[in-house]
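Written below as structure tokens is the structure these notes are about.
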Amino acid sequence: MRSFPFASRQLPPILLCVLAAALALGAAGRPAVASSGGHHRPGQVVVRLDPAAGASIAAVSADVGATPVEALDDGEPTYLLDVPPGADAAALSAALNDDPRVAYAEPNFISQPPEALPRNIGAWGGLDAAPMAVQPATDQIRLYEALARSRGDGVTVAVIDTGVQLDHPYLAEALAPGYDFVDDDATPEDVADGVDDDGDGQADEAFGHGTHVSGIVHLVAPGARLMPLRVLNADGQGDIFTVAQAIRHAADHGADVINLSLGTASPSFLLADATRYAARRGALLLAAAGNGASAAPQYPAANACVLAVTSLDAAGARSSFGNYGSWVDLAAPGESVFSAFPPGGFAWATGTSMAAPFAAGQAALVRAANPGLGVRRVAGAMVGSARWSDAAADSGPVRRIDLEASLRLADEGPITPFLPWRCSPFEN
Ligand SMILES: [Ca+2]
Ligand SMILES: [Ca+2]
Ligand SMILES: [Ca+2]
């Protein structure tokens, strides 16, 4: 039995985008940055201009001595700036927020490894795919009753994560073209480079995470296509600017569902913008609620246009590590989940990172069964058919997904739309 780095007792099971050490990003000329181990990239600021002000990013950034290095997307007035050496990104953000030409500015936030988390217990599961189909989670969510109604055909699910093993036998035929925002290339391969990029004493502890998450989506929605978008390196490092780029890319390239098994504790204007943008383009977003056993919101899970998913244990109660609170929308199996893992095999893993893709697969089934439903009604079918758990003393009940019931509700109605109106204002 081989144990996996991301399942280590030293590391969080959810892949919160971690940054703690100097690293060089190859993407689009972004420079190497040295992190203090804090919660944002110290040399970078995200700025959105107020289009009504008609200012150029060159002028606005020059006024504070900063340098624009990347635009979020074509025609989008959101930029990543390098701040001058010695300047404080948080202070510079505050100064920019006082500029009437600026809609908002904020540090380029990193998720921190949550302290005192219950740890993943995971292990290599061999080369045989057979245990996937018979694992207890499939009965818990009534998967096979649901698959008799829908297989997710024609739906694309973006998986924003560490990438994927592109030639994994369980996944290869389901993969659609994706993108690698870490290395800025078209091959979002989950790459372990042997380097401990975040200086936590373990190299590539997040390697395999995106492959595992992708396998869960494929188990639930075998007819759906998977679009791998790599935003985290194998040490789990990423930032909100890159995550926002991937969310926009997914929405602009036809993703119907977007899975985000990652997060940060910092509320972010940029993530709120990007997730609303994707929802309004017709993508339903699911995000891991985090493994902190806490009511503290994680983002993007707690953003308004995203369904936050926490973890259930085998008995259908909220996992002891799973985050909770009114911002958590759904709960799905997240303990000892068996799924694809490089190289070419399978592994068990535990965490809300594993719960979110069960709900993402469910969204694909609902969308495929009734392509006329907009994101608020797909969400409404999922939330409205969920079964409340017993209330835990500290956290209240959680809504446990029921795939068969959600497909029945999508078919028969009436569906009460979920998510705020602004997430999908033109939905019929
Ligand atoms: Ca690559
Ligand atoms: Ca590494
Ligand atoms: Ca590391």
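Every number for a ligand or one of its atoms is a count from 1 in the order of the listing.
Residue Tyr104 qualifies as enclosed at atom OH: its count of foreign heavy atoms under 6.0 Å is above 12.
Side-chain atoms of Glu106 and Ser93 include no donor-acceptor pair closer than 3.5 Å. A donor and an acceptor atom, one from each side chain of Ser311 and Glu335, are nowhere located under 3.5 Å apart. For the 3.5 Å distance criterion, the side chains of His209 and Asp161 qualify, holding a donor opposite an acceptor. A donor-acceptor contact under 3.5 angstrom links the side chains of Thr162 and Asp190, judged on distance only. There is no side-chain donor-acceptor pair under 3.5 Å between Thr187 and Glu189.
For the pair Arg48 and Tyr79, the cation-pi test (distance below 6.0 Å, angle within 45°) is failed.
Taking backbone and side chain together, Val195 holds an N, O or S atom under 3.0 Å from the Ca ion (ligand 2). Residue side and main chain included, Asp180 places an N/O/S atom under 3.0 Å of the Ca ion (ligand 1). In summary, Glu189 places no N/O/S atom under 3.0 Å from the Ca ion (ligand 1), failing the contact criterion.
Our summary of the site lists the angle at the Ca ion (ligand 1) between O of Thr187 and OD2 of Asp185 as 130°, to the nearest 10 degrees.
Contact check on Asp63 versus Arg101 returns a salt bridge, with a Lys/Arg side-chain nitrogen under 4.0 Å from an Asp/Glu carboxylate oxygen.
Taking the Ca ion (ligand 2) as reference, the nearest N/O/S atom within Asp193 carries the name OD1.
For the Ca ion (ligand 3), protein N/O/S neighbours under 3.0 Å (waters excluded) are Asp196 OD1, Asp198 OD1, Asp200 OD1, Gln202 O, Glu205 OE1, Glu205 OE2, Asp235 OD2.
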